[in-house]
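A short worksheet on the structure shown next.
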There are 2 protein chains.
Amino acid sequence: MCPKIVDREAKKLEILQAALQVFSQKGISNTKMIDIARAASIGKGTIYEYFSSKEDIFITGFHQFFAGYDEMISNAIKKQDHPSEQLKVLIHVSLEAIFEEQKDFIGILMDFWAEGIRSKDNSMEDAIHLKEMYQNYRMMIRQIIDRGIAQGVFRPIDSMAFASFLLAAIDGLMLQWVMEPELFDMKQIAESLCDGMLNGIRN
Amino acid sequence: MCPKIVDREAKKLEILQAALQVFSQKGISNTKMIDIARAASIGKGTIYEYFSSKEDIFITGFHQFFAGYDEMISNAIKKQDHPSEQLKVLIHVSLEAIFEEQKDFIGILMDFWAEGIRSKDNSMEDAIHLKEMYQNYRMMIRQIIDRGIAQGVFRPIDSMAFASFLLAAIDGLMLQWVMEPELFDMKQIAESLCDGMLNGIRN
DNA sequence: ATATTAATACCGACCAGTCGGTCATTATAA
DNA sequence: TTATAATGACCGACTGGTCGGTATTAATAT
């Protein structure tokens with residue numbers, strides 16, 4: 001029988017979610033295995049039935065986190081046709097999805113960034129490709145822009161630089177928002193960002 | 001005689017620099033006291049003659065790091081008179097000073113951010129005020145903008161939101177640059193950011 | 001000058017606590 | 001009964017911080 005496979009995967013996911021939860025609160029290197037176990041309401045040893053090590057949890061979590069993000073964004077974009085609209089949903093989804101669904105998890109982003117940046121001189125180099133991920137994001141944006149330029153809706157700007165700026169703004173805004181959630185409303189700020197960015201490049 | 005005080009301070013600074021160096025390479029919680037000692041070419045015990053704990057080093061380093069940054073920026077701004085120019089130097093100094101002088105230390109920024117964000121539920125709450133620091137940065141930018149608006153050189157925009165965007169862009173660009181330094185030239189990208197931002201608000 | 005004393009800087013072996021990971025045992029399911 | 005899953009006591013490697021002792025420099029006395 002194979003309900004087991006389902007169960008195993010489900011439980012693995014459960015542990016992962018618990019781990020991400022704890023990671024976000026305490027930081028990854030301040031998180032102890034026992035913390036994860038308790039958060040998942042299981043024994044410490046059980047974790048090792050599903051993950052080979054703490055690093056394994058970290059890397060799996062890392063990928064799950066960004067894969068979900070990726071999918072959410074590219075799905076949202078696919079639903080749109082007009083480059084302007086695509087840019088809009090990209091901004092809105094980036095800022096609001098995290099805001100709404102996973103606000104607890106943003107704390108981890110920082111660790112992921114920190115680890116990802118440092119993984120150059122690190123054993124995790126092969127498992128983490130933050131650089132490549134950002135290249136993908138930039139490419140995604142770039143393609144939207146280039147299509148817009150080709151269609152004549154955008155001015156012929158440097159699409160690569162624009163992509164960097166947009167990505168930078170999104171990351172930076174998330175950062176500020178985590179520090180001070182009451183500072184601005186995510187929906188509003190996303191709207192402003194859309195306006196500003198689109199105004200700057202519209203033909 | 002009192003050369004001692006000078007020496008002590010100098011040595012404390014030396015240790016601090018060594019610590020920051022190691023922090024940036026390995027991350028703060030992966031840094032061992034012995035690493036710092038070796039980097040400073042002293043015995044481990046000696047560190048405790050100058051700092052009370054690892055956390056003490058971290059907090060002192062944190063403040064030194066940002067105090068230097070603050071001073072550099074506000075000095076550069078004071079030298080300018082025109083709001084447009086002030087904004088320009090703010091952007092250039094923010095992006096390039098770190099780029100030129102302390103590129104090794106950017107890795108720490110991530111830890112500082114991570115710790116700062118998490119210090120809410122943390123014993124370091126009293127020692128780290130990342131939120132307040134960002135409020136100050138925003139205020140600094142805001143005052144430039146408001147003066148520009150009053151003088152009629154800028155359109156009457158929402159100066160607070162603009163400050164958030166600018167800060168976000170700067171942080172985000174640094175982030176991307178750390179991941180992939182060859183992606184863009186800091187001087188150029190700073191210039192582009194200036195153009196874009198100023199074009200967006202010039203009257 | 002030189003000896004003596006005092007004060008300070010420096011050191012690394014050591015200690016006590018911690019934590020990732022293991023494994024013998026127990027509970028559960030088939 | 002047997003196979004599988006779950007568990008937490010246990011282990012050993014590791015590390016922040018301590019402490020007794022040594023080296024170095026300064027102050028004082030002779």
Side-chain angles (χ1 to χ4, degrees), chain A residues 1-23 25-62 108 111 115 118-119 122-124 127, chain B residues 1-23 25-62 108 111 115 118-119 122-124 127:
Chain A
M1 273 287 117
C2 60
K4 250 178 257 169
I5 288 165
V6 175
D7 285 346
R8 264 197 86 76
E9 284 306 304
K11 185 148 193 177
K12 183 167 182 175
L13 203 66
E14 238 172 66
I15 297 174
L16 194 60
Q17 296 300 341
L20 291 178
Q21 189 80 42
V22 185
F23 282 163
Q25 280 162 7
K26 321 185 69 155
I28 288 166
S29 61
N30 293 325
T31 296
K32 322 301 168 204
M33 295 305 272
I34 187 66
D35 297 327
I36 298 174
R38 282 207 248 271
S41 307
I42 57 173
K44 181 159 81 104
T46 310
I47 296 174
Y48 290 87
E49 304 280 337
Y50 298 86
F51 295 94
S52 66
S53 66
K54 191 180 172 184
E55 188 176 302
D56 184 17
I57 300 180
F58 167 76
I59 290 170
T60 309
F62 179 90
I108 321 179
D111 281 280
E115 254 349 287
R118 239 175 251 116
S119 66
N122 195 322
S123 62
M124 291 199 258
Chain B
M1 276 282 127
C2 60
K4 249 177 262 170
I5 288 164
V6 174
D7 285 345
R8 264 197 85 77
E9 283 306 304
K11 183 144 196 178
K12 183 166 180 174
L13 203 65
E14 237 173 67
I15 297 174
L16 194 60
Q17 296 299 341
L20 290 178
Q21 190 78 42
V22 185
F23 282 164
Q25 279 162 7
K26 320 184 70 154
I28 288 167
S29 59
N30 292 325
T31 296
K32 320 301 168 205
M33 294 307 272
I34 187 67
D35 298 327
I36 297 174
R38 283 207 247 270
S41 305
I42 58 173
K44 180 162 89 102
T46 310
I47 296 175
Y48 290 87
E49 303 280 338
Y50 297 86
F51 295 94
S52 66
S53 66
K54 191 179 172 184
E55 188 177 302
D56 184 16
I57 300 180
F58 167 76
I59 290 170
T60 310
F62 179 89
I108 320 178
D111 281 280
E115 257 343 292
R118 240 175 251 114
S119 66
N122 194 323
S123 61
M124 292 202 256

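Proteins get letters first, then strands, A, B, ... in listed order; numbering begins at 1 in each. In what follows, every heavy atom counts, from backbone to side chain, and hydrogens, waters and symmetry copies are set aside.
Annotation: side chain of B:Phe51 is in contact with side chain of B:Leu16 (closest heavy-atom distance under 4.5 Å). By the 4.5 Å heavy-atom criterion applied to side chains, A:Ile57 and A:Tyr50 are not counted as neighbours. Under the 4.5 Å side-chain criterion, counting only non-hydrogen atoms from C-beta, B:Phe62 is not in contact with B:Met124. Residues B:Gln25 and B:Gln21 meet the side-chain proximity criterion, which asks for heavy atoms closer than 4.5 Å.
For A:Phe58, the ring-ring contact (aromatic ring centres under 6.0 Å, His included) partners are A:Phe112, not counting sequence neighbours. For B:Glu14, there are no side-chain contact (heavy atoms from CB on, under 4.5 Å) partners two or more places apart in sequence or in a different chain. For the side chain to side chain donor-acceptor pair (under 3.5 Å) test, no residue two or more places apart in sequence or in another chain qualifies with B:Thr31. The side chain to side chain donor-acceptor pair (under 3.5 Å) check on B:Thr60 picks up B:Asp56, with sequence neighbours excluded.
Atoms CD1 (B:Ile15) and P (C:dC10) sit 8 Å apart, rounded to a whole Å. B:Ile47 has its CD1 atom 13 Å from the P atom of D:dT18, to the nearest Å. One interatomic measurement links the two molecules: NZ of A:Lys12 to P of D:dA6, which rounds to 14 Å at whole-angstrom precision. Rounded to an integer number of Å, the gap from A:Glu14 CD to D:dA6 P is 10 Å. At whole-Å resolution of the value, CD1 in B:Ile28 and P in D:dG16 are 13 Å apart. Rounded to whole angstrom, the span from the CZ atom of B:Phe51 across to the C1' atom of D:dT18 amounts to 18 Å. Rounded to whole Å, atom C1' of D:dG8 lies 12 Å from atom CD1 of A:Ile42. B:Phe58 places its CZ atom 17 Å from the C1' atom of D:dG16, with the value rounded to the nearest Å.
Helix bend of the helix from C:dA1-D:dT30 to C:dA30-D:dT1: the angle between its two end axes, each built from five pairs, comes to 0° after rounding to 10°.
For the OP1/OP2 pair of D:dA5 and a distance below 4.0 Å, the side-chain nitrogens and oxygens of A:Lys11 include no atom meeting the criterion. An OP1 or OP2 oxygen of C:dC11 is reached within less than 4.0 angstrom by a side-chain nitrogen or oxygen of B:Thr46.
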Contact pattern, 5' to 3', of nucleotides 19-24 of chain C - B, S or - by protein heavy atom under 4.0 Å: SBBB--

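Distance NZ/A:Lys44 to CZ/A:Arg38: 10.5 Å, rounded to 0.5 Å.
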